[in-house]
Amino acid sequence: MAGIVGAMRRRPSEVDPATVDGLLEIAAGPERDLAFPVHRLAAQARVRPEELAAAIAAGIPPTAQFRRVGADGAYVNFQVDPVELVRATLDLALGRGERYGHFAPTGESVCVEHTSANPTGPFHIGRVRNAIIGDSLARALRAAGPGVTTQYYVDDMGRQSAMITWLWSRPPERWPEPVRAAVAGQGSADEKPDRRRGRPYPALSAQLKSDPATAESVAELVRRIEQGDPPPEHEAVAREVLGGMLASLGRLAITFDEFVWESQFVRDGSVARILERLRAAPHAAQEENGAWSIVATQYGLPKESDRVVVQRKDGTSLYVTRDLAYHLAKFSRFERVIDVLGQDHQLHARTLEALLAELGEPRRPTFVLYQDLTSPEGGRMSTRGGSAVWLDDLLDEARERARREVLQRRDDLGPAEVEAISEAVATGAIRYHVVRVAPEKPVKFRWEEALSFEGRSGPFVQYAYARASSVLRKGDAARPPYPFEPALLVGGEELALARVVSRLPRTVAYVARSAHVHALAGYAHELADQFNRFYHAVPVLAGGEARESRLALVAAVRQALGNALRLLGIAPLESM
RNA sequence: GGGCGCGUAGCCUAGCCUGGAUAGGGCACCGGGUUCCUAACCCGGCGGUCGAGGGUUCAAAUCCCUCCGCGCCCGCCA
């Protein structure tokens, strides 16, 4: 690369080297690895682009690294020596093994907050996008070098958590009749706690609209909780429900390093200290009734939202104030803070930024905003509207469909193997389906699409991995360190495959930089796709003198596929 | 009304940050492929005013402006 830039710099000597660097592009194509469009230089030099391209190409001799340098229309194309490309790629992929595509630790500390769903019932798929994007991003960041800590922010301060506590701090006989009726005869003794505890929640939510007495009772409980005097059931029930939700997420291989309870910032006095600082802040203003707010127009907030109330008239804190305390705590421990948020929190994110500025904190979180899943009819996936789909139910349905697929093509597996493969295929399909789309794109949830096992899907990638594994198993002499002769691997399908393998590190770096985790899903599909083409076109085990070298290529592909799948939180399968 | 996001074939989607060579994939549909390493696969075909209009540029899906459509948000809720 450096040699090329040097050569380009020498050619039209009056050209600014930075211009050359900026124009040189990585161009995928069978005959080119780097391309240089000469249009701009041609315009400056007032010559025809084709002539200039030919002149430049003629002036650059092939080197050891770049076998071919040629003019193609208005482009100068460079092709990396295929033998060198194959040698370097396989050396790296096989040598680094599970660390292929991973970078050395940078020492940077990053906090990724994601999911943070309120523990008021089972985890529903309206929130699953947050969890999958957040978990995949954390994995990619870790691979790129920073030290990553994932955090789940647990809301135990608001009305929603108070409602669950209200229900379970009294016997069901004392629930309003409609709430009791709504759950009567449902559930079983052995069901998950999130489902059991969460069942009356929608009914209570509806009841509060028409039942002032119950509403006041819940409001009273909210005040008790805010004053630091919650009933004993408060934390216990929240933990129970949260445990059930985490079990669901665990099926998707989603776990968290730390759980941060919102109430801790009230208890430890940090909210009080921050309120003190806010009241003394440059744009603080006290309302007539005693509440405090910050006038935040100069921070670019929409005019209607420029007065950010940070303290109620009764002196208590608000969600945004506690979140501010949380973020200041994060910044005291981590150099970078990333929040995965639904885009309905966009204004909240801007408000948080304004308050951080108001308190003189120079750093800002990086917000990864995603569009919430919508129901097929077009509305939001909501618990109350009855359009909610529990994550467990989605995963169970996916597993059943996967099981049918497995049984249809395999009769040599025991029940445990069928079960394991079905679960891995099901969760792989769901994770891939969610992560493959750019977060900002709106997505309608459709069962048939979410459960697809073909084409651009998780199982497609898993299948390619299983095939590669199978070939390696059958090439019984094949085992590390996989000796190979790169000159035997420069056929069209083989070279194309090596090229894709070589792109994994670049892709990981891009994902960590841009937070575009869907690029990793795209990469995994491309690699599986190219492997399938190779697989059909090129015999490996019957490869004659190329057999050992091809096995090495397959081993490198398997490594890259496996690493990419693990970064996506999808289980690589030796067999399926 | 204001703010943010999205708009690419019947459906879904990549590319947009950092403008360049015939806009990549997938589903569906049509036609092929299994005495051979797993057919959850492969090969071929069909299908595109990149929402509309204007601007910048040698060059626009990509940058700028206007408009249209869809979603979300605009609480002393979280």
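By convention in this document, chain letters (A, B, ...) are assigned in the order of the sequence lines, proteins followed by strands, and residues within each chain are numbered from 1. Owing to the predicted nature of the structure, the values given are computational and were not obtained by experimental measurement.
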Minimum side-chain heavy-atom gap A:Leu369-A:Gln346 below 4.5 Å: yes
Atom-pair distance (CD on A:Glu226; C1' on B:rA78), nearest Å: 11 Å
B:rG10 to B:rG51 separation - P atoms, rounded to the nearest Å: 14 Å
Nearest-nucleotide pick for A:Lys441, side chain only, options being B:rU8, B:rA40, B:rA78: B:rU8
Heavy-atom closest contact (A:Pro119 atom, A:Met245 atom, distance): CA-SD, 3.6 Å
Per A:Pro442 side chain, nearest of listed nucleotides B:rA78, B:rC6, B:rG71: B:rC6
Ring centre gap for A:His525 and A:Tyr432 strictly below 6.0 Å: no
Test item: A:Gln462 side-chain N/O and A:Ala571 main-chain N/O as donor-acceptor pair under 3.5 Å: yes
Main-chain N/O of A:Leu541 paired with A:Arg547 side-chain donor or acceptor, under 3.5 Å: yes
From CA spacing to verdict: salt bridge (charged side-chain N to carboxylate O under 4.0 Å, His left out), A:Arg446, A:Glu448: CA-CA 6 Å; A:Arg446 297 190 186 91; A:Glu448 328 82 67; 5.4 Å; no
Phosphate OP1/OP2 of B:rC58: any A:Arg48 side-chain N/O under 4.0 Å: no
Pairwise C1' distance, B:rA60 and B:rC16 [rounded to whole Å]: 11 Å
Atom-to-atom span, CD of A:Glu50 to P of B:rA59 - whole angstrom: 15 Å
A:Asp339 to A:Pro365 - nearest heavy-atom pair and separation: OD2-CB, 3.9 Å
Phosphate OP1/OP2 of B:rC77: any A:Arg312 side-chain N/O under 4.0 Å: yes
Sugar-phosphate, base or nothing in reach of A:His345, heavy atoms under 4.0 Å: base
Touch class at under 4.0 angstrom, heavy-atom based, for A:Arg456 against every strand present: sugar-phosphate
Atom-to-atom span, OH of A:Tyr523 to P of B:rG25 - whole angstrom: 18 Å
Sugar-phosphate only, base, or nothing, as touched by A:Thr316 at under 4.0 Å among non-hydrogen atoms: nothing
Whole angstrom value for the distance that separates C1' of B:rC76 from CZ of A:Arg159: 14 Å
Gap between atoms CD and P, on A:Glu440 and B:rU8 respectively (whole Å): 14 Å
Whichever of A:Ser470 and A:Leu369 has its nearest RNA chain B nucleotide further upstream toward 5': A:Leu369
Sugar-phosphate, base or nothing in reach of A:Arg322, heavy atoms under 4.0 Å: sugar-phosphate
Nucleotide nearest A:Asp155 when distance is taken to its side chain, options B:rC37, B:rA78, B:rA21: B:rA78
N/O donor-acceptor pair, side chain A:Asn77 with base B:rA21, under 3.5 angstrom: yes
Candidates B:rC73, B:rC4, B:rA78 - which lies nearest the side chain of A:Gln346: B:rC4
Nearest listed nucleotide, side chain of A:Ala438, among B:rA14, B:rC37, B:rG25: B:rA14
A:Tyr535 OH to B:rC43 P, straight-line distance once rounded to whole Å: 14 Å
Sugar-phosphate, base or nothing in reach of A:Val461, heavy atoms under 4.0 Å: nothing
Sugar-phosphate only, base, or nothing, as touched by A:Met576 at under 4.0 Å among non-hydrogen atoms: base
Selected nucleotide, minimal atom distance to A:Val406 side chain, candidates B:rC77, B:rG25, B:rA40: B:rA40
Nucleotide opposite B:rA61 in a Watson-Crick or G-U pair, distances under 3.5 Å: none
Sugar-phosphate only, base, or nothing, as touched by A:Arg350 at under 4.0 Å among non-hydrogen atoms: sugar-phosphate
Under 3.5 Å on both distances, the Watson-Crick or G-U partner of B:rG44: B:rC30
Side-chain-base donor-acceptor pair under 3.5 Å for A:Asp372 and B:rC72: no
Nearest-neighbour nucleotide for the A:Asp529 side chain, B:rC42, B:rA78, B:rC58 considered: B:rC42
Proximal nucleotide (of B:rC41, B:rA78, B:rC12) relative to the A:Glu262 side chain: B:rA78
Shortest non-hydrogen contact from A:Ala429 toward A:Ser452: CB-O, 4.0 Å
Exceeds 12 heavy-atom contacts within 6.0 angstrom, atom CZ of A:Arg159: no
Sugar-phosphate, base or nothing in reach of A:Lys474, heavy atoms under 4.0 Å: sugar-phosphate
Check: A:Gln371 side chain, B:rC72 base, donor-acceptor under 3.5 Å: no
Pairing partner (Watson-Crick or G-U wobble, both distances under 3.5 angstrom) of B:rG69: B:rC6
Mate of B:rC17 where both pairing distances stay under 3.5 Å, Watson-Crick or G-U: none
Sugar-phosphate only, base, or nothing, as touched by A:Asn118 at under 4.0 Å among non-hydrogen atoms: sugar-phosphate
Side-chain N or O of A:His518 closer than 4.0 Å to phosphate OP1/OP2 of B:rG15: yes
Interatomic distance, A:Tyr432 OH vs B:rG25 P [rounded to whole Å]: 14 Å
Shortest side-chain distance from A:Tyr510, nucleotide among B:rG25, B:rA14, B:rC17: B:rC17
Sugar-phosphate, base or nothing in reach of A:Phe453, heavy atoms under 4.0 Å: base
From B:rC41, B:rA78, B:rA14, nucleotide with atom closest to A:His348 side chain: B:rA78
Nucleotide B:rC27, atom C1' - distance to NE2 of A:His433 in whole Å: 12 Å
Sugar-phosphate, base or nothing in reach of A:Val425, heavy atoms under 4.0 Å: base
Mate of B:rC77 where both pairing distances stay under 3.5 Å, Watson-Crick or G-U: none
B:rA23 pairs with, by Watson-Crick or G-U criteria that keep both distances under 3.5 Å: none
Closest-nucleotide ordering on RNA chain B, the 5'-leading residue of A:Gly158 and A:Asp344: A:Asp344
